[in-house]
Amino acid sequence: QVQLVESGGGLVQAGGSLRLSCAASGRTFMSYTMGWFRPAPGKEREFVAAISWSGDYTVYTDSVKGRFSISRDNAKNTVSLQMNSLKPEDTAVYYCAAGSRLMFASNNYYSPNEYTSWGQGTQVTVSS
């Protein structure tokens, strides 16, 4: 397991940008699939974006495609979510999650049940 701490949330006007960061810590270091989730009506958590353990593959939910960008820096044990052209409907608590490095191969990167470690979330509020 890995310990995760999110940061970078805040209040921003519609059309603005925020960059969320997730810092991982632990005495042992491994490569994880990393994802970002947020609550959504009718769902416990909605998949937002994920990045493979190597950083070679990324995937996004349709509602954020073209606006959000996920990246990682394995040397620093961090993953980021750059959010541009923010909309009021993006308002949510955003959670960082870590899972098996094989999640892309298994096509289960979108499922919160497959992640083993979670941060406590960071609030993003987009005003109109």
Side-chain angles (χ1 to χ4, degrees):
Q1 294 187 346
V2 61
Q3 297 168 345
L4 305 174
V5 179
E6 301 97 335
S7 63
L11 175 65
V12 65
Q13 292 182 324
S17 298
L18 284 174
R19 185 176 181 86
L20 306 184
S21 294
C22 176
S25 63
R27 289 187 176 273
T28 60
F29 300 95
M30 298 179 64
S31 295
Y32 294 91
T33 301
M34 300 296 295
W36 287 95
F37 293 80
R38 65 189 183 189
K43 297 182 179 180
E44 55 179 33
R45 289 179 180 177
E46 176 189 53
F47 170 76
V48 177
I51 186 167
S52 64
W53 71 273
S54 64
D56 292 333
Y57 302 96
T58 59
V59 66
Y60 304 89
T61 192
D62 287 343
S63 63
V64 308
K65 195 172 299 181
R67 299 188 297 119
F68 291 10
S69 179
I70 188 171
S71 61
R72 68 189 300 159
D73 186 339
N74 287 344
K76 297 182 179 180
N77 295 317
T78 59
V79 62
S80 298
L81 185 68
Q82 178 67 45
M83 305 186 296
N84 298 324
S85 301
L86 283 163
K87 304 175 181 179
E89 51 262 44
D90 294 319
T91 296
V93 177
Y94 284 73
Y95 295 88
C96 175
S100 169
R101 69 179 182 88
L102 300 178
M103 292 175 70
F104 271 74
S106 301
N107 293 318
N108 60 7
Y109 50 81
Y110 59 87
S111 175
N113 294 332
E114 300 299 323
Y115 290 80
T116 56
S117 299
W118 293 84
Q120 293 189 345
T122 184
Q123 176 70 51
V124 172
T125 303
V126 184
S127 65
S128 60

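In this chain, residues are counted from 1 in sequence order. Keep in mind that the numbers below use all heavy atoms, side chains included, and drop hydrogens, waters and symmetry copies.
- Within the 3.5 Å criterion, the main-chain N or O of Trp53 finds a donor-acceptor partner in the side chain of Asn74.
- With respect to Lys65 and Asp62, a salt bridge is recorded, a charged nitrogen being found less than 4.0 Å from a carboxylate O.
- What you find for Ser128 and Ala14 is that their closest heavy atoms are CA-CB, 4.4 Å.
- When the side chains of ILVMFWY residues are joined at heavy-atom separations under 4.5 Å, either directly or via intervening members, Val12 and Phe68 end up in a single hydrophobic cluster.
- Put simply, the side chain of Glu6 gets close to the backbone of Gly121: a donor and an acceptor are under 3.5 Å apart.
- A distance of 13.5 Å separates CZ of Arg45 from OH of Tyr94, quoted to the nearest 0.5 Å.
- Two residues are said to be in side-chain contact when any heavy atoms from C-beta on lie closer than 4.5 Å; Val64 and Met83 fail this criterion.
- Below 30°, between 30° and 60°, or above 60°: for Phe37 and Phe47 the angle between ring planes is above 60°, a perpendicular geometry.
- Contact between Arg101 and Ser31 at its shortest, heavy atoms only, is CB-O, 3.5 Å.
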Might you work through the side-chain contact (heavy atoms from CB on, under 4.5 Å) test for Glu114 and Thr33, ending with a clear yes or no?
-> CA-CA 10 Å; Glu114 300 299 323; Thr33 301; over 6 Å; no
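- In this structure, Arg67 contributes its side chain and Ser85 its backbone to a donor-acceptor pair below 3.5 Å.
- Residues Phe104 and Asp56 have side chains not in contact (no heavy-atom distance under 4.5 Å, counting atoms from C-beta outward).
- Residues Arg38 and Val124 form no side-chain contact, since every pair of their non-hydrogen atoms from C-beta on lies 4.5 Å or further apart.
- Smallest separation of non-hydrogen atoms from Leu20 and Gly9: CD2-N, 3.6 Å.
- Residues Thr78 and Ala23 share a closest heavy-atom pair of CG2-CA, 4.3 Å.
- Here Tyr115 contributes atom OH and Tyr95 contributes atom OH; the two are 16.0 Å apart, rounded to the nearest 0.5 Å.
- Note on Leu4 and Tyr109: separate hydrophobic clusters, where clusters join Ile, Leu, Val, Met, Phe, Trp and Tyr whose side-chain heavy atoms are under 4.5 Å apart, directly or indirectly.
- Formation of a donor-acceptor pair under 3.5 Å by the Ser117 side chain with backbone atoms of Val2 is found in this model.
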Check against side-chain contact (heavy atoms from CB on, under 4.5 Å), Trp118 and Cys96 | CA-CA 6 Å; Trp118 293 84; Cys96 175; over 6 Å; no
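- Contact between Met34 and Ala98 at its shortest, heavy atoms only, is SD-CB, 3.5 Å.
- Counting heavy atoms from C-beta outward, Asn113 and Glu44 have side chains that approach closer than 4.5 Å.
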So Ser69 and Tyr60, side-chain contact (heavy atoms from CB on, under 4.5 Å) or not? Walk me through it.
-> CA-CA 8 Å; Ser69 179; Tyr60 304 89; 3.8 Å; yes
Steps toward side-chain contact (heavy atoms from CB on, under 4.5 Å) verdict (Cys22, Trp36) | CA-CA 9 Å; Cys22 176; Trp36 287 95; 3.8 Å; yes
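- In the hydrophobic clustering of ILVMFWY residues, with side-chain heavy atoms under 4.5 Å counting as a link, Met103 and Val79 come out apart.
- Proximity of a side-chain donor or acceptor of Thr125 to a complementary backbone N or O of Thr91 within less than 3.5 Å is not detected.
- Considering all non-hydrogen atoms of both residues, Val93 and Gln123 come closest at CG2-OE1, 3.2 Å.
- Proximity of Ser80 to Arg19: side-chain heavy atoms (C-beta onward) are separated by under 4.5 Å at one or more points.
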